[in-house]
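Take a look at the structure set out below.
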4 protein chains.
Amino acid sequence: MTAASSRPRPATASADLSEYFERVRQQGMGPLWKAMGELMPTTPKPREVPYQWRWADIRDLVYESSKVVRVEDAVRRVLMLLNPGLPPEQAAVTQTLYAGIQIILPGEVAPAHRHTPNALRFVMEGEGAFTTVEGEKTILRKGDVVTTPNWTWHDHGNESKGPVVWLDALDIPLVNALSGMFYEDYPQKTHPVRDAANSSQRTYGRALRPTGETRASNYSPILNYTYASAREALESMPSTAWSPTEGRVIEYINPLTGGPILPTMDAFLQQVDPGMDLKACRQSASRIVMGVEGEGTLEVEDQRFRWKPFDVMVVPAWAKHRVVPSGRTPAILFSYTNAPVMRALSLYRETVV
Amino acid sequence: MTAASSRPRPATASADLSEYFERVRQQGMGPLWKAMGELMPTTPKPREVPYQWRWADIRDLVYESSKVVRVEDAVRRVLMLLNPGLPPEQAAVTQTLYAGIQIILPGEVAPAHRHTPNALRFVMEGEGAFTTVEGEKTILRKGDVVTTPNWTWHDHGNESKGPVVWLDALDIPLVNALSGMFYEDYPQKTHPVRDAANSSQRTYGRALRPTGETRASNYSPILNYTYASAREALESMPSTAWSPTEGRVIEYINPLTGGPILPTMDAFLQQVDPGMDLKACRQSASRIVMGVEGEGTLEVEDQRFRWKPFDVMVVPAWAKHRVVPSGRTPAILFSYTNAPVMRALSLYRETVV
Amino acid sequence: MTAASSRPRPATASADLSEYFERVRQQGMGPLWKAMGELMPTTPKPREVPYQWRWADIRDLVYESSKVVRVEDAVRRVLMLLNPGLPPEQAAVTQTLYAGIQIILPGEVAPAHRHTPNALRFVMEGEGAFTTVEGEKTILRKGDVVTTPNWTWHDHGNESKGPVVWLDALDIPLVNALSGMFYEDYPQKTHPVRDAANSSQRTYGRALRPTGETRASNYSPILNYTYASAREALESMPSTAWSPTEGRVIEYINPLTGGPILPTMDAFLQQVDPGMDLKACRQSASRIVMGVEGEGTLEVEDQRFRWKPFDVMVVPAWAKHRVVPSGRTPAILFSYTNAPVMRALSLYRETVV
Amino acid sequence: MTAASSRPRPATASADLSEYFERVRQQGMGPLWKAMGELMPTTPKPREVPYQWRWADIRDLVYESSKVVRVEDAVRRVLMLLNPGLPPEQAAVTQTLYAGIQIILPGEVAPAHRHTPNALRFVMEGEGAFTTVEGEKTILRKGDVVTTPNWTWHDHGNESKGPVVWLDALDIPLVNALSGMFYEDYPQKTHPVRDAANSSQRTYGRALRPTGETRASNYSPILNYTYASAREALESMPSTAWSPTEGRVIEYINPLTGGPILPTMDAFLQQVDPGMDLKACRQSASRIVMGVEGEGTLEVEDQRFRWKPFDVMVVPAWAKHRVVPSGRTPAILFSYTNAPVMRALSLYRETVV
């Protein structure tokens with residue numbers, strides 16, 4: 001008997017089964033053996049599809065959003081990236097991940113709130129906006145990665161002279177699939193600032209810990225991972241630490257666990273030098289990739305996405321993918337995935353193809 | 001400013017927004033501020049609804065299934081319990097959980113396979129079927145809880161004189177929501193039996209461990225948790241260990257971690273004595289409850305389900321629920337939930353109402 | 001340059017060094033380079049030596065102890081096994097472990113107290129004594145392993161008709177080396193019994209857990225691991241789980257962690273069948289071995305200890321050792337080690353010789 | 001019955017007990033009831049005593065050591081600090097900790113080796129020496145904390161123009177008490193340098209992690225924690241994070257676990273501002289304290305140590321102690337303890353007095 005042959009084989013036609021199935025249906029039930037092939041494929045069949053949003057195509061729409069709605073009315077002024085394989089009402093870039101482009105104008109303040117979805121942002125354009133999380137404030141610079149973990153009070157604003165734009169990465173579709181959404185508005189527009197600016201970065205971000213303070217360890221205590229640090233780490237990385245599938249790549253980690261930056265998402269900065277010949281791989285996590293510097297090609301199954309800075313691309317779960325450098329300068333890419341979810345539930349797999 | 005007032009307020013009608021939204025849509029995007037209220041409710045809004053399947057109503061259909069399909073054709077002969085709030089093609093009793101009633105006739109063998117969804121079964125009727133998992137065989141008796149963890153080879157059959165019926169509990173909808181499904185058939189119909197019957201129970205089930213063997217610890221090494229053991233534990237439980245919301249209740253645990261029996265599901269046997277006045281509670285996990293002995297009422301939000309043995313009931317995520325005993329004998333209930341998923345992702349909450 | 005040649009070489013004689021060393025000594029200091037060879041040998045140099053106490057030689061002295069001191073006066077009526085390589089005032093059978101033989105007569109009660117050293121006992125002769133730990137009582141039978149973890153109130157007594165004798169295993173020398181000793185007497189002679197007899201065994205000992213109760217997980221919640229269970233587990237152990245150095249061997253584990261029975265000691269029951277040809281090994285833990293059934297030889301470095309039931313033997317840290325069966329029946333051995341300490345501090349090593 | 005009264009009470013004189021004790025002794029045994037009071041005190045009785053080494057008193061001897069022995073002969077040119085309460089051959093500053101002052105001259109190289117004791121150093125005088133650990137090299141500056149974990153190859157040298165002096169902190173007495181000492185010389189004088197200087201600091205020290213590299217997590221991957229970082233963290237620490245017993249204090253942590261810098265020792269930098277009124281406390285860990293900047297008083301039980309920079313002081317286990325600032329500038333203190341050992345074995349306690 002071959003493996004394939006033991007999949008369910010509906011019995012050859014017998015006159016009265018449709019009547020039986022109807023009686024089953026009326027009792028709120030269904031026969032597993034008719035559904036099993038669809039329900040339990042041999043490898044993942046995600047509904048998200050490979051896709052690319054070109055920054056050149058969407059940048060104007062993002063800036064235009066700042067004219068059509070006030071931040072006080074929008075709470076967050078964001079255009080969501082909606083994967084064409086998924087229903088738009090799920091607000092999903094993959095089955096579990098969310099991505100959006102947010103813009104904030106000089107003088108604006110986005111009201112304080114908290115929610116169970118975890119969030120991180122990657123700053124794309126402009127400089128001088130701020131984010132406050134649980135009373136600590138940080139000033140955002142291009143390329144900074146800023147966290148807003150599950151159920152932490154947060155607000156942000158823009159005290160600079162120009163608009164600031166960033167990528168928002170959240171796990172909203174996951175949290176809704178799990179019926180885990182809680183949301184609360186802060187009684188005031190902004191949460192009081194209590195700590196010195198960037199104090200979390202200056203302690204936890206240097207592997208130090210105030211002994212008089214105890215924090216939950218399920219998310220990173222660091223508010224801002226600066227771009228300068230991450231770039232310098234990529235540059236100084238010994239070649240023994242390079243990945244055969246991703247080149248130079250660092251993960252932003254939680255220094256209280258050594259694990260991912262957030263309990264449901266991990267995030268990476270990657271450098272692919274000209275001439276690097278990387279291997280393709282598959283992972284049972286879905287991945288969102290954003291170009292940051294240089295340019296190149298991201299191959300996803302049979303598609304080839306030529307990217308430039310701030311283009312966003314989708315690598316569906318278990319899709320074969322590969323980064324191909326081009327040009328004369330290193331390509332820098334930011335990405336995030338839901339791998340921490342898959343690992344926590346013993347569902348993570350990866351394979352070099 | 002009240003909390004409610006800071007939810008997004010779409011700007012008052014401006015003539016050209018529909019045209020803007022259309023341009024946004026054409027780029028594969030959408031405005032968050034129009035979707036946020038639906039997307040991020042203040043408390044969970046699961047789509048599963050409270051529901052009850054009465055064993056008296058469905059028992060005949062289960063036995064009839066053994067006539068309409070051969071086990072070799074069905075792989076597993078199961079009627080799935082489909083929550084009316086969810087699309088039937090999701091095979092879901094809640095957004096993340098699956099429940100089905102399986103029957104196997106004397107002499108039948110269900111072919112060996114493995115898959116990433118975790119499974120456990122609770123034996124309802126008949127005695128003498130067997131399950132083999134990774135080479136260890138166990139004979140099933142009424143009330144036994146038997147595990148089939150993620151990616152373990154398993155088959156089962158019936159060497160007794162009568163049909164055997166059990167409840168199958170899996171995490172199929174979760175695994176599909178996460179695009180984590182892998183499935184493989186075993187090259188032979190059955191997996192070779194290697195170990196002494198119930199050897200895992202005789203070692204790990206007594207807090208002993210063979211030092212020459214190392215097992216992954218993310219699922220319980222115990223194949224069969226007998227009903228006799230669980231009932232006796234309920235009887236001898238000191239009152240200091242009773243729960244104010246659930247009465248006497250034991251969790252089936254993984255003795256390699258002290259944690260849940262499976263990485264995505266926990267399971268419980270509960271005894272509510274006549275006269276116990278339990279408190280209602282909410283949990284951000286969904287729960288499937290099956291009556292085992294005695295009878296009583298399960299209140300779920302504004303519904304009251306009067307249950308008898310082997311009735312199955314749904315407690316949606318965050319639904320207020322309470323067990324009310326009735327009659328003169330203790331009520332015994334089996335249940336399972338997705339709480340381990342919620343805990344692993346820092347999304348678990350509970351509250352006494 | 002060979003490895004050996006880079007060990008410190010005190011400079012060739014220079015007239016004034018003794019005067020320098022004296023000035024150093026007067027300031028409470030000393031030169032590392034003179035001490036380093038002794039201080040940092042290339043492999044462990046424990047001070048405990050291989051040793052054997054024959055039950056035939058010491059049994060009468062144990063029984064005689066019940067005549068020379070009253071249990072109320074002794075608190076615990078125990079003869080300690082003192083390794084001849086260690087100072088007697090350390091009460092040490094190895095540098096970190098303690099072993100003693102305790103006897104309790106019918107009608108006696110040993111007063112309740114608690115202390116930071118962890119304890120376990122292995123019942124040798126007699127039946128019907130009881131131990132109470134934190135309000136749970138258990139009746140001791142031959143071969144049972146009973147735990148008394150760090151800082152738990154405990155007392156014991158003998159309600160049977162004859163004397164009862166057991167081996168006490170503690171970590172007293174370790175706790176003193178770490179300056180971690182705390183000790184407290186209970187205000188009454190006995191601690192009140194609160195729980196049903198053996199309730200911990202009936203729940204945690206079957207991989208069940210009362211959900212209304214939360215226990216610290218750093219020690220096993222199980223009071224009594226019965227000999228019958230352990231023997232049956234040895235018998236049913238599949239040969240794939242046998243150890244090449246120890247034969248059939250089960251570890252008594254903490255079902256809340258899968259780890260050792262106590263945070264500082266692990267314990268094992270071992271069966272070596274006639275004809276088994278085991279390999280010798282070294283471990284950076286020290287081990288105390290007691291014969292239980294059958295007979296055989298324990299080789300420790302260049303010594304060969306012929307043992308019979310209840311003989312106690314010392315395997316020093318890093319000593320080469322091997323169990324050789326003899327006779328026609330399986331040899332059963334109980335042992336305990338300080339390996340959990342070594343593992344917790346990343347100091348554990350083992351090697352097959 | 002009072003607690004004290006249930007301690008062992010040797011039976012009133014009976015003529016023949018000395019003869020019984022002699023027979024017991026001849027069998028390698030001893031009566032517990034005669035030893036118990038000494039063996040199990042009610043609180044820790046460490047043998048180390050409170051003590052102070054004044055830098056002014058010992059500095060010349062340290063520099064003189066560089067004349068009396070060549071580094072090639074000494075392997076490490078160190079004067080050990082020997083606690084007067086402990087036997088000098090234990091090389092112990094407390095029962096489990098070691099402290100020494102090391103000096104290295106321009107052009108010297110201390111040969112490469114590895115050992116199971118963990119080490120860290122705190123740089124006191126001079127600048128420009130280097131340490132290499134497992135192929136990564138770092139240049140030492142005053143106040144830097146540098147780790148040399150269990151069984152990592154390491155060497156160091158001095159490429160600057162002047163001598164460099166540091167404090168060595170190790171767990172040698174602990175490792176010897178546990179019989180866990182392994183030591184090996186490297187076949188060459190120095191270990192090859194493979195990684196970019198300070199690469200571990202530039203990645204792990206910023207909460208980043210190369211994904212192509214996997215390190216054991218039981219010790220910190222960071223080679224050098226710079227003084228500048230630690231001082232800045234103390235300055236920016238919000239007052240909500242201050243400790244009532246220690247003032248501003250940061251722990252050097254392992255960013256792969258959030259735990260201590262080494263599996264057996266933790267280390268701290270502390271700032272006590274003028275006027276801070278700290279509380280006294282006891283800890284079941286022993287602590288070595290070194291003044292770094294400013295001056296003040298360290299009270300240990302009934303002693304008052306007036307300290308200046310680079311004085312070293314001993315706080316024995318469970319000794320009441322308190323830091324009292326003096327002068328007009330903040331007092332900066334470095335300290336290390338064996339608390340990770342005590343925590344790992346469930347023996348840690350602390351209390352504010």
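Computed from heavy atoms alone, side chains included, the values below leave out hydrogens, waters and symmetry copies. Sequence lines set the chain letters: A, B, ... in the order given, protein chains first and strands last, and positions in each chain run from 1.
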Which atoms of [X] come close to chain B, meaning under 4.5 Å heavy atom to heavy atom: side chain ones, backbone ones, both, or neither?
X	answer
A:Pro117	side chain
A:Ser286	neither
A:Tyr98	side chain
A:Arg54	neither
A:Leu39	both
A:Pro84	neither

Rounded to the nearest 0.5 Å, how far does [atom2] of [Y] lie from [atom1] of [X]?
X	Y	atom1	atom2	value
A:Thr42	B:Phe182	OG1	CZ	9.0 Å
A:Met29	B:Asp57	CE	CG	9.0 Å
A:Leu345	B:Met265	CG	CE	11.5 Å
A:Tyr20	B:Glu64	OH	CD	5.5 Å
B:Asp60	A:Arg23	CG	CZ	9.0 Å
A:Leu81	B:Gln27	CG	CD	10.5 Å

Which pair of heavy atoms, one from [X] and one from [Y], lies closest together, and at what distance?
X	Y	result
A:Val78	B:Trp33	O-CZ3, 3.5 Å
A:Leu79	B:Pro31	CD2-CA, 4.0 Å
B:Met342	A:Gly180	CE-CA, 3.9 Å
B:Asn150	A:Ser346	ND2-O, 3.0 Å
B:Val75	A:Met36	CG1-CE, 3.9 Å
B:Pro41	A:Met181	O-CG, 3.4 Å

Any idea which of [options] has the most non-hydrogen atom pairs under 4.5 angstrom with chain A?
options	value
B:Pro88, B:Ser65, B:Ser284, B:Gly100	B:Ser65
B:Leu61, B:Val341, B:Asn338, B:Thr96	B:Leu61
B:Ala344, B:Ala317, B:Gly30	B:Gly30
B:Asn83, B:Asn118, B:Val62, B:Ile172	B:Ile172
B:Asn176, B:Asp168, B:Leu262	B:Asn176
B:Leu174, B:Val175, B:Asp171, B:Thr116	B:Thr116

Task: Under 4.5 Å from a heavy atom of chain A, the part of B:Tyr348 involved - done: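 Neither; nothing under 4.5 Å.
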TODO: Please determine, among A:Glu89, A:Arg349, A:Arg47, the option with the most heavy-atom pairs under 4.5 Å with chain B.
DONE: A:Arg349
Task: Winner by heavy-atom pair count (cut-off under 4.5 Å) against chain B, out of A:Thr94, A:Ile101, A:Leu347, A:Val93 - done: A:Leu347
Open item on the list: Quick one, A:Gln95 with B:Leu178, criterion side chain to side chain contact (heavy atoms under 4.5 Å, CB included). Give me CA distance, side-chain angles, the key distance, then yes/no.
Closed with: CA-CA 7 Å; A:Gln95 283 182 207; B:Leu178 299 176; over 6 Å; no
